[in-house]
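In what follows, every heavy atom counts, from backbone to side chain, and hydrogens, waters and symmetry copies are set aside. Throughout, numbering of the chain's residues begins at 1 and tracks the sequence.
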Amino acid sequence: MKNIEFQNIELTRKLFGYHNTHLEKISKAFNITINSRGNTISLSGDAKNISAVESLINQLYDLLQEKFILTPPDLDAAINSIKQNNTTPLKKIFLNTIFVTAQNKAIFPRNKTQHTYANSIKNNDILFSIGPAGTGKTYLAMAMAVAAFSRGEVKKIILTRPAVEAGEALGFLPGDLAEKINPYLRPLYDALYDMLDFEKARAYIEQETIEIAPIAFMRGRTLNNAFIILDEAQNTTSEQMKMFLTRIGYSSKAIITGDITQIDLPTGKKSGLIEAKEILTRINGIDFVYFSKEDVVRHPLVSNIIDAYEKNKN
């Protein structure tokens, strides 16, 4: 058994959660018993799991001392990080604020891989992030783009993805060009509106300071002073990926995100993302960051769903 005592009553309440909901979640995640009495908790169970929970609890308390607001998704992320490695420095990761949204919400890495990803974006002009859905690849890249734009480091943000579901032959869909394209770009709009005031975001889009378009619209251009994000890159062809990468101009940064387990290209078409992974790994200035199901930051069930599909495939 291990006893831990805390000094600050207010912070202890935040740590334990309303009616000890945080402690209950931690107890269930690590399969140990946690009893609380006043400002003290006692841990009983497997010694290795107790050590992990002790690290988690103490680090969360340290974060609260730094005025960190602990939300349920943050607690889930902290639990997953400590499960992978109980020496994971949560303060170093969670206090690495990338951008503060119009709603005063801080965006920051939620695990070690996201922390590595954010640092790699800062240090490389071209970065590929590869991994399953829900790991924050696109959202974090978007936050880095908006932050760079807000600081004046780039003059333009370009968000693009292939409209592969319609083979980029969108003529059969109703409406004008924008109405045909928007369904495929909606996730990018959603992330953008989550970060910026809606009216300000709309103004930037109308001025084309922020551009959201299918990858086919990149052809023939040179993109200078821009932060460019290519989303769903697993659905680019080899030709599209080469075309996109050779658009990069001076003072620009390109982030390419994708999940190579969810390729929707026609049979016989090789994914441009897979090809890039094979031939570009040795070029200085280009980096690759790989996410796994352990890095999922959506609902905890998402990781279990990904795991189930992987087991079924094998």
Hey, do the aromatic rings of F149 and F227 have their centres closer than 6.0 Å?
-> no
Is it the case that S81 and N111 place a side-chain donor and acceptor less than 3.5 Å from each other?
-> no
Heavy-atom neighbours of E278 CD exceed 12 at 6.0 Å = yes
Distance-only side-chain donor-acceptor flag, S129 / T257, under 3.5 Å | no
Regarding S238 and E275, is there a side-chain donor-to-acceptor distance under 3.5 Å anywhere?
-> yes
Just by distance, do the side chain of K137 and the backbone of P132 share a donor-acceptor pair under 3.5 Å?
-> yes
Please answer whether the main-chain N or O of N225 pairs with a side-chain N or O of S251 as donor and acceptor at a distance below 3.5 Å.
-> no
Might you confirm whether atom CD1 of I9 has over 12 heavy atoms from other residues, nucleotides or ligands at distances under 6.0 Å?
-> no
For A52, all residues meeting side chain to side chain contact (heavy atoms under 4.5 Å, CB included), sequence neighbours excluded | F30, I82, N86
Check whether any side-chain N or O of R247 sits under 3.5 Å from a backbone N or O of R221 as a donor-acceptor pair, and report yes or no.
-> yes
Does D295 pair with K112 as a salt bridge, N-O distance under 4.0 Å?
-> no
Exceeds 12 heavy-atom contacts within 6.0 angstrom, atom NZ of K2 | no
Side-chain donor-acceptor pair present, Y139, D194, cut-off under 3.5 Å | yes
Within a radius of less than 6.0 Å around CD1 of I69, do more than 12 heavy atoms belonging to other residues, nucleotides or ligands occur?
-> no
Please check if the side chain of Q234 supplies one atom and the backbone of G258 the other of a donor-acceptor pair under 3.5 Å.
-> no
Mark yes when over 12 heavy atoms from residues, nucleotides or ligands other than R219 sit less than 6.0 Å from its CZ; otherwise mark no.
-> no
For R13 and Y18, test the side chains for any donor-to-acceptor distance below 3.5 angstrom and give the result as yes or no.
-> no
Indicate whether any N or O donor in one side chain lies under 3.5 Å from an N or O acceptor in the other, for D62 and Q59.
-> no
Begin with the C-alpha distance, continue with both residues' side-chain angles, and end with the deciding distance and a verdict on side chain to side chain donor-acceptor pair (under 3.5 Å) for T88 and N85.
-> CA-CA 6 Å; T88 300; N85 185 343; 4.7 Å; no
Ring center gap for F291 and Y117 short of 6.0 angstrom = yes
Interatomic spacing from CD1 in I98 to NE2 in H115 - rounded to 0.5 Å | 9.5 Å
So the side chain to side chain donor-acceptor pair (under 3.5 Å) pairs with at least one residue in residues 26-48 (sequence neighbours excluded) are N20-S36
May I ask you to check whether F99 and F108 place their ring centers less than 6.0 Å from one another?
-> no
Any sub-3.5 Å donor-acceptor pair from T236's side-chain atoms to Q240's backbone N or O?
-> no
Hey, what's the ring geometry for Y193 with F198, parallel, tilted or perpendicular (30° and 60° as the breaks)?
-> tilted
T12 side chain to N8 backbone, donor-acceptor under 3.5 Å | yes
Cluster link I210 to I121, ILVMFWY, side chain under 4.5 Å = yes
Distance only, no hydrogens: is a donor on one side chain within 3.5 Å (strictly under) of an acceptor on the other, for T116 and N119?
-> no
Answer yes or no: are there more than 12 heavy-atom neighbours, outside K270 itself, under 6.0 Å from its atom NZ?
-> yes
If Ile, Leu, Val, Met, Phe, Trp and Tyr residues are connected whenever their side-chain heavy atoms lie under 4.5 Å apart, and connections chain through other members, are L95 and V100 in the same group?
-> no
